[in-house]
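Positions are given from 1, in the same order as the sequence printed here.
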Amino acid sequence: MKASTLIRILTRIDTWRATHVSERMFVLMLAFMVGVLSAVAAYVLHWLINQIVALLTAGFDATSFNLLYLVYPVVGILLTMLFVRYVVKDNISHGITRILYAISQNRSRLKAHNTWSSVIASAITIGFGGSVGAEAPIVLTGSAIGSNLGKLFRMDSRTLMLLVGCGAAGAIAGIFKAPIAGLVFTLEVLMIDLTMASLMPILVSCVTATCFTYVFSGDAALFTFHLDDMWTVERIPACVGLGIFCGLVSLYFVRTMGFCEDLFARLRNHPYVKLVVGGSLLSLLIFLFPSLFGEGYNSINLLLNGSGEDDWSQILNNSLFAGQERLLVLYVALVLLTKVFATSATNGGGGCGGTFAPSLFVGCFSGFLFSRLWNIYELGVHVPEKNFALMGMAGVMSGVMHAPLTGIFLIAELTGGYSLFLPLMIVSVCSYLTINIFEPHSIYGSRLAKEGKLITHHTDHAVLTLMQLDSVIDRDNLWVSPDTELGAIVHKISRSKGNIIPVLDAAGNLLGEIDLQKIRHVVFRIELYHHFTASQLMQEPPAVLTDSLPMTVVMKTFDETHADYLPVLDGDGHLKGYLSRQHVFTQYRKMVADMSED
C-alpha cells in the first residue's frame, strides 16, 4: 500500500472519529488497543525466551557444572550487539529511563522501532543467559505502542503522555497479571499524575492487558507461593530489620550498577572490547553461580516454595557447590553480591535487558539470607524463610525503584500473598526510607535528575521540565557590529520589537548588548549620531544562558539577575536569540492551566 493511500485512509478515519466519537471515548478506545498489544508483546517475548532456553539447556546435567555456561552468554551478547548495531542502528538500552526522557524532553514521542526492537534484542540476550530482566524492554515496547498509536491519530502531547503511561501500565499488568501494580507503577515511577482524565484509560489498559494475558498463558502465576505460616505481631522487629537490610542492599545495587555503567561507558567507542570484557565477566559469574543464568525465576521459585534444607539445596545444582548443603548461606550471599555485576556486564557488554527482574531476584535472595541468619543465630522469634524471601522481593524493589506501593501491590498480586499485606508494607516502607537517606531518586531517574530532566509530581518542577527552552527563544533579533554608529543604531531600534540590541562580531559571537532604557540621554541628540559607536554604548548582559540549560536553571537565573531579557548562546558560543521573562511566564501559566484540567 502506498504511503499516500494510507494517509488518505487515516485522514478519513480521523475525520469520521472527530464527528462521531468524543475525544474522551476515543482515548479509552486507544487505551484498550494499547492494553491488547502490550499483552501480545509480553507473551511473544516470554515465549521467545522460553524457546531459546529450552533449546540451549536441554540435556544439562543438574548434578554438575556445564562448560557451555561459558559460551552461551557471550554468543547472546554478540548476537544482540550485531542486531542493534546493524539492524536497529539506535540505542535501545535503559528502557524505562528512555521513557522518562521521552516524556520530559521529547513530548512523549518514542521511535517506531521501539515497538519491536527491544522484544527481539532482549529475547536473544536473556535466552542465551544474559543476567537481566525482560520487564523493562516490555515496558518500553508498551509505551512505544501507546506513543506511536497517539502519533498515528495526531493526538496532542498531553494525550501522548497518557498513552505512554497506558502502555507502561499495560506491560507491567500483562507480564505479572497484576493490574493494580501496573497502575501504581505508572504513577510512582513514570510520575504521571492521577486525575479523572488519566485514571480510566490507565485502568482500561491494565485490565485489558491482564485479561488477554490470562487468555494467552492461562491462570498460572509467574511465581508460585503458598502461605504456610501466618504472620504474627511478634515478627515486627524482624520485618523492620529486613526492611532496613533491603534498603542497604538496594543502595549497594544502585551505587554498584552506576559505577559499573560508568566503567563500560568509557569503552563506548570500542564495542568489541566491551563485548570481551562484559561477556567474559558474565560467563565466569554464571559458571561459578548458575543461578545468575537468565532472569533467575527458577531460583526465586525454589526459595519461595522450599520448606527445608533439602528443598533449598536444589539452588546449588549445576554449580561447583552442588551437594554442599552446608555452604548454602555462603552461596546465597555470593549470588546476592554478584548479581549486580552480572547484570551490568550483560548490558555493558552490548546486551539488552532491564533491572526490574534483577531487583526481584536480589530481593528474594536478600529476604532468604536475612531470615536464615536470623534463625541460625536466634536473634528473635523464629521466622519462615519463604515468607521473608517474598517480603524481600518487595523491599528491594521498593528501594531500587523508589516505589513502595509498586513493591507492595506487585508482590501481593503476583503471589496471592495478601495475607502478608501488613508485613509487606512494613518492609517496603522501611526499605524506601533507608535508601532515601542516601539516594533521593530511583535507579531509573537518577541520571535524568542530575541533568534536571526528570518529571516529578511537584507541579512547578514538572512544568519547567516539560517546557522546552528552544520553544521560548525569540530569534527575531536585530543586531549591530561593534563599529556601528549611533545613528544606525537608532534606525535599528526603530525597527526592533524589544529594548535590547545585541552587539556581535563577524563570527556571530556576542560582545555585549545595548539597552534602549540606558541610552535615552543620547538617543535623541542628532548631533551625537556620528560621535558614538556600539562598542562605546554596549555593556555586558546580566547573565548569559546556553541552549542546553534546563528551565529550572533558567528561571533561577532570571530571579537572581532581575533581568527582563537574557541572551541564549548555542554550543559554539554564537547568539541563538533572546529569552523574555514575560514570554516564559506566559508559557508557564498556560502549561500549568493545561496540566490542571481534568
Side-chain angles (χ1 to χ4, degrees), residues 41-42 44-53 56 72-85 87-88 90-99 113-114 116-144 168 171-172 175-176 189 222 253-254 256-258 260-261 264-265 271 274-275 277-279 281-283 285-286 291-300 338-363 396-397 400-401 442-444:
V44 169
L45 175 56
H46 280 289
W47 182 84
L48 286 173
I49 292 172
N50 291 334
Q51 294 301 310
I52 296 173
V53 171
L56 297 179
Y72 287 157
V74 179
V75 174
I77 294 176
L78 174 61
L79 293 175
T80 304
M81 184 188 72
L82 294 175
F83 170 75
V84 173
R85 188 171 187 180
V87 178
V88 181
D90 189 20
N91 184 7
I92 58 175
S93 62
H94 298 292
I96 295 177
T97 301
R98 194 160 295 276
I99 298 169
H113 72 72
N114 289 131
W116 56 269
S117 56
S118 294
V119 172
I120 297 175
S122 58
I124 297 171
T125 299
I126 299 170
F128 276 81
S131 193
V132 288
E135 291 73 24
I138 283 297
V139 171
L140 176 59
T141 299
S143 295
I172 293 295
I175 292 170
F176 297 112
V189 178
L222 194 58
F253 188 98
V254 173
T256 307
M257 183 74 70
C260 293
E261 286 181 354
F264 279 105
K274 289 172 57 178
L275 169 66
V277 174
L281 176 60
L282 178 63
S283 294
L285 291 175
I286 291 178
S291 299
L292 300 176
F293 188 90
E295 295 172 291
Y297 286 166
N298 289 335
S299 298
I300 292 177
T338 54
K339 177 65 174 180
V340 63
F341 292 101
T343 300
S344 300
T346 303
N347 285 330
C352 177
T355 56
F356 204 108
S359 69
L360 290 175
F361 181 93
V362 170
V396 173
M397 172 177 285
V400 169
M401 298 185 183
S442 72
I443 191 172
Y444 303 125

What heavy-atom pair brings [X] and [Y] nearest, and what distance separates the two atoms?
X    : Y    : value
F356 : M397 : CE2-CE, 3.2 Å
L282 : G129 : CD2-O, 4.5 Å
S344 : M257 : OG-SD, 3.1 Å
L45  : I138 : CD2-CG1, 3.2 Å
C352 : A121 : CB-CB, 3.8 Å
A345 : L281 : CB-CD2, 3.9 Å

Exercise. Any pair with a residue in residues 122-136 that passes side-chain hydrogen bond (donor to acceptor under 3.5 Å, both in side chains), sequence neighbours left out, goes on the list, sorted by first then second residue, please.
Key: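 Matches after skipping sequence neighbours: T80-T125, S131-K339, E135-Y297.
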
Rounded to the nearest 0.5 Å, what separates atom [atom1] in [X] from atom [atom2] in [Y]?
X    : Y    : atom1 : atom2 : answer
F128 : I77  : CZ    : CD1   : 11.5 Å
I286 : T346 : CD1   : OG1   : 6.5 Å
W47  : I52  : CH2   : CD1   : 9.0 Å
T355 : L360 : OG1   : CG    : 10.0 Å
F83  : I120 : CZ    : CD1   : 4.0 Å
I49  : I126 : CD1   : CD1   : 4.0 Å

Practice problem: For residues I300 and E295, determine if any side-chain heavy atom of one lies less than 4.5 Å from a side-chain heavy atom of the other. | Solution: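 No - every pair of side-chain heavy atoms lies 4.5 Å or more apart.
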
Quiz item: Between N347 (side chain) and G354 (backbone), is there a donor-acceptor pair under 3.5 Å?
Solution: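 No; judged by distance alone, with no hydrogens or angles, the pair does not exist.
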
Quiz prompt | Contacts of type ring pair (Phe, Tyr, Trp, His ring centres under 6.0 Å), residue F253, not counting sequence neighbours | solution =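 None.
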
